[in-house]
Structure formats: structure tokens, C-alpha cells
Number of protein chains: 2
Amino acid sequence: MIRHSHNISEEHSKLESYLQSNGLKLSFGRELVFQAAIGSHGHFTAEELVKLLKKQPQRVSRATVYRSLKELLEAGVIRETAFGDKHHHFEHVYDEDPHHHAQCIRCHSFIEFPDLKEDTVYRPILEKEGFKILGHEMHFYGICRKCRDRNS
Amino acid sequence: MIRHSHNISEEHSKLESYLQSNGLKLSFGRELVFQAAIGSHGHFTAEELVKLLKKQPQRVSRATVYRSLKELLEAGVIRETAFGDKHHHFEHVYDEDPHHHAQCIRCHSFIEFPDLKEDTVYRPILEKEGFKILGHEMHFYGICRKCRDRNS
DNA sequence: TTATAGATGATACACTGTCTCATTATGATC
DNA sequence: GATCATAATGAGACAGTGTATCATCTATAA
């Protein structure tokens with residue numbers, strides 16, 4: 001069961017209103033980065049988009065990809081998922097069920113599980129600090145079933 | 001209220017048994033990295049330890065620091081905390097109150113807030129998957145007060 | 001003593017993300 | 001359409017992080 005709480009044009013509107021309220025324009029480069037991000041499945045990294053957008057007829061530079069990703073992030077179109085490695089990981093919000101990740105510290109595989117709104121406990125605390133929450137992620141770490149079996 | 005669920009020699013034993021079961025020796029370099037990691041407060045990055053250990057009379061190289069940190073990680077003496085930037089962050093397990101982080105996507109500063117056991121909702125789900133939970137972290141991202149004020 | 005295996009440091013390296021700057025595009029106003 | 005101000009872009013330089021290599025050193029066992 002996939003919840004279509006968002007649709008693409010809704011996401012696009014988010015971007016547009018973010019751009020407008022910051023005096024920015026919906027340029028061709030931004031549009032392409034938006035399309036690439038929305039068109040992705042699962043996670044992607046900035047560098048993956050860079051490579052992807054270098055292949056296209058209408059090429060987009062690294063600088064633009066990084067800049068646009070930051071905007072998409074602030075606009076709430078994508079969110080950052082924090083894994084323990086050196087890349088920034090993103091995933092888009094559209095058509096995704098909110099979910100979290102549990103990662104195995106041995107094989108680095110991860111499993112996803114649905115969001116159950118556990119974050120509500122913390123929201124008042126952060127808001128009191130003046131922190132504007134754009135999103136959150138639960139990150140469990142441990143040993144996955146395969147690695148446990150392998151050991152015993 | 002600080003929970004002393006661990007003590008230093010216990011952590012040291014963890015390291016020793018890890019080394020032994022992997023045919024490694026408790027060398028002077030490893031011992032120094034261990035001391036530095038355990039002696040730290042809050043988070044630290046690999047590079048911070050590198051700088052710290054370069055100042056000491058008994059100098060330790062970058063390569064050794066990175067190697068040893070990986071071992072401490074697998075031994076369970078330190079854990080990785082996932083921020084969205086390009087550094088690996090660590091913190092040691094000994095003598096720490098469980099807490100979480102909210103990070104600003106503009107200035108990368110973060111605030112900490114105490115753990116409120118929100119994870120209990122998810123534990124049954126993960127256990128059913130055969131995942132052995134070693135720990136978890138909540139990671140909020142957004143805009144901090146300073147950066148919000150700066151904009152308006 | 002010798003042999004073996006691990007430990008180390010120096011260094012080269014690849015990669016990620018940031019920054020600058022000169023150039024180009026955009027769009028509003030006249 | 002011409003002009004002007006402002007934003008957008010790409011190229012490339014750059015700094016920082018983490019990895020890999022390799023020759024040398026150390027420790028331990030035989």
C-alpha cells in the first residue's frame with residue numbers, strides 16, 4: 001500500500017514557492033536537477049546526479065547540481081538521509097512512504113521500516129530552541145540477520 | 001544524572017578481545033588512539049584525533065589513527081554518529097548520556113537533546129526482521145535560530 | 001639468530017564538496 | 001526593442017577527508 005500523499009506537481013509547487021520567496025528563478029538547470037531527483041528511486045547521492053546529468057544532451061555542471069540540491073532540500077522536495085559514510089545521501093519525498101533505516105555495521109546493508117510518528121515527542125523541544133524542522137530520520141544500527149547467522 | 005553503565009577497563013577489555021580474536025596486537029599506537037578516543041568529550045572526528053596525536057611527544061600518523069578508529073568501531077568502543085556532512089563523527093560509549101542531534105543544513109551547527117525512549121515503537125518490528133539492535137540515533141535536520149534570524 | 005607476521009609512517013591518490021570569477025541568461029522597465 | 005540589474009551558469013581551482021601502497025621497523029616465536 002503506497003500512500004500518495006504527494007504528487008509531482010505538488011512537489012513542483014513547493015519548489016516554485018521556495019524559489020519565489022527567495023527571489024530565485026525556475027531556470028532550466030534547476031528544472032533538470034528537480035526532474036532527476038524526483039525521477040530517482042530510493043536513495044541517491046549528489047555525485048550520482050552529477051554523472052547522470054553530464055550524460056544528457058543538456059549538460060548541467062557540478063556546481064549547479066550541488067546548488068540546486070541544497071535548494072530542493074530547503075524547499076522540502078528531497079530530504080537528507082544520514083548514513084555513516086562520506087557521501088550525502090538524499091531521497092525525494094514524492095511517492096515515498098515516510099520510512100527509516102536500520103543499518104548493519106558489518107555488511108552495511110540496511111532495512112527500511114515505516115515511520116510511526118515517534119518524532120512528535122521531540123518537536124516541542126526543538127521548536128523552543130528556535131529550530132525549524134525540515135525533517136528527521138531514525139537511524140538504527142546493529143547486526144542484520146544474515147551476519148548473525150554467518151557468525152554462529 | 002549520568003548512567004555509568006560502562007567503565008573504562010570494560011571498554012578496554014572489549015578492545016582487547018576484539019584484537020585477540022582478529023590476530024592483532026595491542027600496540028602502542030592503538031593504545032594511544034584508544035586513550036584519545038575515550039578521553040574525548042562529545043563528538044570527535046578522525047581528523048581531530050590526528051591533530052591531537054601529532055602534538056604529543058609520541059606521535060601517531062594519520063594512517064594509524066584511521067586504522068585504529070575502524071577497529072574501535074568494530075570492537076564497539078566507539079560508535080559513529082551520522083551527520084549529513086563529509087566527516088565521520090564518532091563518540092565513545094563510555095560515560096555518555098544517550099542523546100540525539102538536530103543539525104542546521106546551513107551552518108552545520110547542531111543542538112543536542114536527551115533521548116526520550118521514542119525508539120520502543122520500532123524495536124519489535126526490527127527484532128521480527130532478525131535485526132540485533134546495538135543502538136539508534138534520531139537525526140533532525142532544519143534551520144537553526146541564528147540562520148533564521150540572519151535571513152529576516 | 002633468524003624468520004614471520006604485524007605495525008607504522010610517508011606519501012600518493014581519488015573523491016567530495018566549496019568557492020570564485022568571468023560569462024551568459026533572464027526579465028523588468030522604459 | 002534597448003537597457004539595466006540581477007540571477008544563473010560552468011570551469012576550474014581548491015581544501016579536506018579517507019584510502020591504498022610500500023618500504024621500513026618491531027616484536028614474537030622457533
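All heavy atoms count here, side chains included; hydrogens, waters and symmetry mates do not. Reminder, nothing fancy here: chain letters follow the sequence lines and each chain counts from 1.
- For B:Gln56, the side chain to side chain contact (heavy atoms under 4.5 Å, CB included) criterion is met by B:Leu32, B:Leu53, not counting sequence neighbours.
- Aromatic rings of A:His43 and A:His101 (six-membered ring for Trp) have centroids within the 6.0 Å cut-off, being under it.
- In this structure A:Phe34 satisfies the ring pair (Phe, Tyr, Trp, His ring centres under 6.0 Å) test together with A:His12, sequence neighbours excluded.
- Within the structure, the ring-ring contact (aromatic ring centres under 6.0 Å, His included) test picks out the following pairs touching residues 44-72 of chain A (sequence neighbours left out): A:Phe44-A:Phe90.
- A:Glu48 places its CD atom 15 Å from the C1' atom of C:dG17, with the value rounded to the nearest Å.
- If you check the side chains of A:His136 and A:Glu118, you find a donor sitting under 3.5 Å from an acceptor.
- In A:Lys132, the NZ atom is not crowded: 12 or fewer heavy atoms of neighbouring residues, nucleotides or ligands sit closer than 6.0 Å.
- Near DNA chain D, meaning a heavy atom under 4.0 Å away, there are no residues from residues 15-38 of chain B.
- Heavy-atom distances under 4.0 Å link DNA chain D to B:Arg62, B:Tyr66, B:Lys70 of residues 51-72 of chain B, given in residue order.
- Residues satisfying the salt bridge (charged side-chain N to carboxylate O under 4.0 Å, His left out) test with A:Arg123, not counting sequence neighbours, are A:Asp119.
- Each of A:Glu137, A:Glu91, A:His92 was compared with A:Arg79 under the side chain to side chain contact (heavy atoms under 4.5 Å, CB included) criterion, and only A:Glu91 meets it.
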